[in-house]
Amino acid sequence: MHNGTDILWQDRYSRQTKFAPIGPHGQVEFQQSCVLIVGCGALGSSLAQHMVRAGVGEVRIIDRDFVEPSNLQRQVLFNEADALAAVPKAVAASEKLRLINSQIQIVAHVADVNAHTAWHFAKGADIVLDGTDNAATRLLLSDVCYGLNIPFVYGGVTGSNGMSAMLVPGKTACLRCLIGEEHSTDEGDNCSTVGVLSPAVEFVASLQTIEVLKWLSGNRDALRQSLVSADLWKFNFHESSLPAPSNQCSHCGDTAARNNRKVGASEGRIAPIKMESTVVLCGRDSVQVTLPHQIELDLMRRKLEGMDCELTVNRYLVKASLRSGESLVLFPDGRVLVQGVVDSAKAIQLCEHYLLGELIR
Ligand SMILES: [Zn+2]
């Protein structure tokens with residue numbers, strides 16, 4: 001806080017409070033709001049920057065990954081030092097965001113958003129922003145948001161294409177109804193296979209942000225009730241109306257019952273994943289192995305130092321680059337990101353070899 005220099009900061013938000021639909025009242029609403037941003041890669045970085053600059057009172061950021069050189073072309077909150085030190089994205093982002101605005105609360109978690117954790121992170125948020133890179137997490141977030149009656153702002157980017165929709169429980173269909181279950185396996189194009197251009201990212205982040213500003217400032221009538229998709233390279237734009245909630249859907253249908261449903265009861269609708277699980281990460285030649293317990297980073301660092309690999313160590317993770325080309329990235333929450341493999345069996349085999357047999361039961 002800048003107590004002694006309040007006069008200097010009094011017009012900090014003047015350019016958005018002078019915008020009539022927001023006004024000073026909207027600014028107060030922003031300051032009293034909490035926004036959850038899931039994923040802090042390209043979209044998430046841009047979304048977080050917009051929220052922090054706008055003066056949203058609490059900005060929560062969740063990301064499971066760390067900064068790599070291939071991120072720097074489009075992920076606006078990161079720099080070369082972050083990539084060299086393999087800093088977790090949530091940590092690197094929060095450091096930059098605190099420099100942008102010290103007058104709000106920024107809460108960053110290096111964590112996986114899954115069926116266990118999503119409810120916890122979303123509770124108390126006024127709106128949830130999609131900064132993820134895979135359909136499975138998006139669909140989970142949509143389910144959670146509809147269970148908790150929180151709007152979900154969907155955004156996705158590949159190549160020069162982007163799309164976005166603001167999904168509001170009780171008003172519009174959920175993401176499952178919108179994009180369908182067939183997209184839940186991520187077998188289509190993704191950023192690793194077809195690339196992604198930064199203007200497409202910024203375009204989608206802008207589409208998402210403008211709806212958030214409308215929602216938080218109470219301008220509900222101004223919300224765009226459509227799915228917008230665009231190819232910026234070809235300059236093709238398409239807009240289609242969002243379907244109404246479907247009574248065939250257990251997530252967005254039956255509004256009255258959903259609104260009366262207790263949160264605890266709705267949590268049970270998502271089958272919990274096994275604690276010891278593997279997730280093949282979308283198009284990244286990576287598999288995430290979740291161990292049944294937390295990882296003692298210092299202990300693992302000492303063990304790996306005696307093995308045939310090169311280590312990158314910081315407060316948040318240990319990265320072991322193996323001679324054979326793969327990397328193991330260990331996080332304290334029990335996750336091991338195995339890079340350079342595409343199947344779970346190989347990932348588990350490497351974990352078993354390098355991380356003590358008894359770690360994998
Ligand atoms: Zn639905």
Side-chain angles (χ1 to χ4, degrees), residues 35-39 43 47 62 113-158 161-188 190 204 207-208 210-212 214-216 220-229 238-273 279 282:
V35 165
L36 168 64
I37 301 167
V38 180
L43 270 184
L47 291 168
I62 322 289
V113 169
N114 55 43
H116 290 293
T117 59
W119 296 90
H120 166 71
F121 290 132
K123 272 180 198 166
D126 293 293
I127 195 163
V128 175
L129 310 193
D130 177 11
T132 70
D133 61 358
N134 67 89
T137 310
R138 287 191 175 108
L139 290 171
L140 169 67
L141 288 172
S142 170
D143 296 347
V144 168
C145 285
Y146 276 74
L148 292 171
N149 205 15
I150 302 171
F152 176 58
V153 192
Y154 162 57
V157 189
T158 49
N161 295 289
M163 58 173 60
S164 177
M166 165 105 176
L167 307 176
V168 182
K171 297 271 186 225
T172 69
C174 72
L175 192 62
R176 266 179 212 284
C177 293
L178 191 67
I179 69 172
E181 301 283 342
E182 70 269 26
H183 288 277
S184 64
T185 51
D186 284 312
E187 281 168 354
N190 61 61
V204 171
L207 289 177
Q208 291 175 283
I210 199 78
E211 299 308 308
V212 179
K214 292 177 195 172
W215 180 267
L216 296 183
R220 308 279 158 96
D221 293 341
L223 291 172
R224 173 176 56 76
Q225 297 183 339
S226 61
L227 172 69
V228 174
S229 57
H238 184 74
E239 185 178 17
S240 55
S241 309
L242 288 174
S246 161
N247 280 332
Q248 262 66 54
C249 175
S250 62
H251 300 285
C252 64
D254 195 15
T255 308
R258 182 173 44 70
N259 285 340
N260 291 334
R261 192 186 290 135
K262 286 199 176 113
V263 166
S266 55
E267 283 182 28
R269 286 180 298 138
I270 295 171
I273 55 167
V279 180
C282 149

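The basis for the numbers below is simple: all heavy atoms, side chains too, and nothing from hydrogens, waters or symmetry mates. When a residue number appears, it is its place in the shown sequence, counting from 1. Both counts, for ligands and for their atoms, begin at 1 and track the order of listing. Just so we're clear, the structure is a prediction, and the values are computed from it rather than from any experiment.
The side-chain contact (heavy atoms from CB on, under 4.5 Å) search around H238 returns S229, S240, not counting sequence neighbours.
A donor-acceptor contact shorter than 3.5 Å is absent between the side chain of S142 and the backbone of R138. Put simply, the side chain of E211 never gets that close to the backbone of A165: no donor and acceptor are under 3.5 Å apart. S226 contributes no side-chain N or O that, together with a main-chain N or O of V228, makes up a donor-acceptor pair within less than 3.5 Å.
Between the side chains of T132 and N134, no donor-acceptor pair of N or O atoms lies under 3.5 Å.
Near the Zn ion (ligand 1), less than 2.8 Å away, sit the protein N, O or S atoms C174 SG, C177 SG, C249 SG, C252 SG.
Residue F152 forms a side chain to side chain contact (heavy atoms under 4.5 Å, CB included) with just one option from D130, I127, D143, T172, and that option is D130.
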